[in-house]
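To start, the structure itself, in structure tokens.
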Protein chains: 2
Amino acid sequence: MRTATELLESYACLTRAAMAETVAGGAPGSYLYELLRDYTDRQGKGLRPGLLLAAAEACGASIRTALPAATALELLHTSFLIHDDVEDHSRLRRGKPTLHELHGVPLAINAGDALANLATQPLMSSAFPRYRSREVLAELRMAIRQTTEGQALELGWRRHTVVDLTEVDYLELVGRKTCWYTTMAPLRIAALLGRWQPASAALDRLGFLAGCAFQIRDDLLDVTPGGQEGKEPHSDIAEGKRTVMLIHLLSVTPPDQRQWIVGYLGKAEHERTQLEQSQLLRMMVEAGSLAYAEQLAEVLGQAARRSFDEAFADLPASAELDSLRALVDYLIDRS
Amino acid sequence: MRTATELLESYACLTRAAMAETVAGGAPGSYLYELLRDYTDRQGKGLRPGLLLAAAEACGASIRTALPAATALELLHTSFLIHDDVEDHSRLRRGKPTLHELHGVPLAINAGDALANLATQPLMSSAFPRYRSREVLAELRMAIRQTTEGQALELGWRRHTVVDLTEVDYLELVGRKTCWYTTMAPLRIAALLGRWQPASAALDRLGFLAGCAFQIRDDLLDVTPGGQEGKEPHSDIAEGKRTVMLIHLLSVTPPDQRQWIVGYLGKAEHERTQLEQSQLLRMMVEAGSLAYAEQLAEVLGQAARRSFDEAFADLPASAELDSLRALVDYLIDRS
């Protein structure tokens, strides 16, 4: 059996080729399509299309059947990244300057809009049956809806310095901004396309739990030296993102320290010094917030594995199902 | 027969109610859905859905059949406005502060993304036949593609101080950024939905010509005192927009004046003084650029009227067709 990373790489190769085809042509090149090609060529891990393709194979669909949906999802993800980078004032994406750093905010916003629109084009090809394209589009529309709702929550909390947040608020946020388009939509779309149907409630639960574990690991990687390839280190802390560690810290810290943290979060991003950022990280370590996040990711990951077994209990055993399991494990445990 | 403005108002009333239904619910309210309701509640003239509904009626479709498409188009238009306002640093929209002035750029970008996604929802209702929703979606996808391509051209020209432009470049720009979603898509969608088919080439030509005349009038209104309700006066000049008057001025002005203009356009927007803006406007007046624009709009408008007659020559005469003609005249001649 191939390892999860080998599997991901082979799926990512197929998806990249299909993405390149979608953004190949068109004018104006220098103000639009070259920008899109730059971002779609940058090597991401391809977790979302990889999960969709692996799950589709496990459900008895061919790669050929599932590739248009996987491509649409990854193009959509790329369009989110372009706008996220503007919203978060990020400077680096996948080891290179972000699109708005290179071409200014107006052209970057427009490029994201263009790409979100092009994203669904692979589903319109004559090779993709019409009733399927309608169902897949409905899934993508739902995923975008949930993602923009989650993003609104996150941005709103930051803008209004909302700090009275619990782990439940965090899981609601992540359930929307991350789980839908990262794990739930890929699994649901795969189930639509396959011959064999996983148990739908367990499948949704798997998507939610695995997506939450994934996001918490992502939060942790941001504060791990060398953890987030191609991004600025500690960017979540610099941006004041409501990570699970920050929410934990706010809930356990003594009042005077808490006041300092709220002051830090109330500042504009450029006013937050390196020293303050290090201070906040140290407080997280000392308060056990990192250990708490580790533990929560572990519990959610275990629950995800149980949901996996339940979701796929009635499917025939296959090498494809084993590959999917390996991929979900990889997604949950990424470190 | 009702006047064009009465007709528009009655159509706008229907569209507003359907838009309100689409953005009615959902959480988070204060960071997303209230923002969407604010923008969709602001009274626009409803030219695009009005044109679609009038054309659909002239082609023998009922309002009931065409309203979901008209609503989708207007929601899409509103999502463009949100992002356009960010890209152009506009402060006022329909007499109130723009969304990013009220809530910051990140939440505004996200709201635009959410609205672009919600826009197609009316086409998914069970009342709207499936094959039609696919066709209308394809038209909307094409319109968005053209609009983002046109927007890229306009933003790119401004970012890179491109000044060697002719009227042909202008018409290419407007053909993409304005005509597709303002006039071509409404007419094409109406033809899809109706019992009677207009001549398609003439219909597309009508859309193009009327859209160009409309945009040139829009350029002119920006420099007409009290011309653009609810917007800042002279905002095109302040933003350095490549209007037909500016392109005309650049082509006829003596070298020393031209150098001054290029210098003005090369500055950042906030560096352009009121005095310089007035100076540029005076140069336009003196060079006959406004008169030239008037004349070009007039010629294109007349050509549009001829295409109208050709497009609808085989349709049965009706009060609905007369209403459509009145509406197209209104669109072309707006002043």
TODO: Could you tell me which of B:M124, B:R176, B:E87 has the largest number of non-hydrogen atom pairs under 4.5 Å with chain A?
DONE: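 Most heavy-atom pairs under 4.5 Å with chain A: B:E87.
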- [ ] Using heavy atoms and a sub-4.5 Å threshold, report which of residues 149-168 of chain B line up against chain A, by residue number.
- [x]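 Residues B:E149, B:Q151, B:A152, B:L153, B:L155, B:G156, B:W157, B:R159, B:H160, B:V162 are the ones that qualify, each having a heavy atom under 4.5 Å from chain A.
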Open item on the list: Is B:S133 in contact with chain A via its backbone, its side chain, both, or neither, using a 4.5 Å heavy-atom distance?
Closed with: side chain
- [ ] Using non-hydrogen atoms and a 4.5 Å limit, figure out which bit of B:Y33 sits close to chain A: side chain, backbone, both or neither.
- [x]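 For B:Y33, the side chain is the part near chain A, not the backbone.
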Task: Minimum-distance pair of heavy atoms, taken over all atoms of A:L32 and B:T148 - done: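 Closest heavy-atom pair between A:L32 and B:T148: CD2-O, 4.0 Å.
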- [ ] Flag yes if more than 12 heavy atoms outside B:E21 fall under 6.0 Å of its CD atom; otherwise flag no.
- [x]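 No.
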Looking only at heavy atoms and a cut-off of under 4.5 Å, which of [options] has the most pairs with chain B?
| options | value |
| --- | --- |
| A:F80, A:Y131, A:Y31 | A:Y31 |
| A:H83, A:R134, A:R145 | A:R134 |
| A:A114, A:P28, A:S30, A:G26 | A:P28 |

Residue [X] versus chain B: region with a heavy atom under 4.5 Å:
| X | answer |
| --- | --- |
| A:L118 | side chain |
| A:A116 | neither |
| A:A27 | both |

Task: Rounded distance [0.5 Å steps], CG in A:D84 versus CD1 in B:I109 - done: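 Reported to 0.5 Å precision, the distance equals 9.5 Å.
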Task: Distance (rounded to the nearest 0.5 Å) between A:L137 CG and B:L123 CG - done: 11.5 Å
Open item on the list: Quick check: do A:R141 and B:N117 have side-chain heavy atoms less than 4.5 Å from each other?
Closed with: yes
- [ ] Please name all residues satisfying side chain to side chain donor-acceptor pair (under 3.5 Å) with A:T65, sequence neighbours left out, ordered by chain then number.
- [x] A:S62
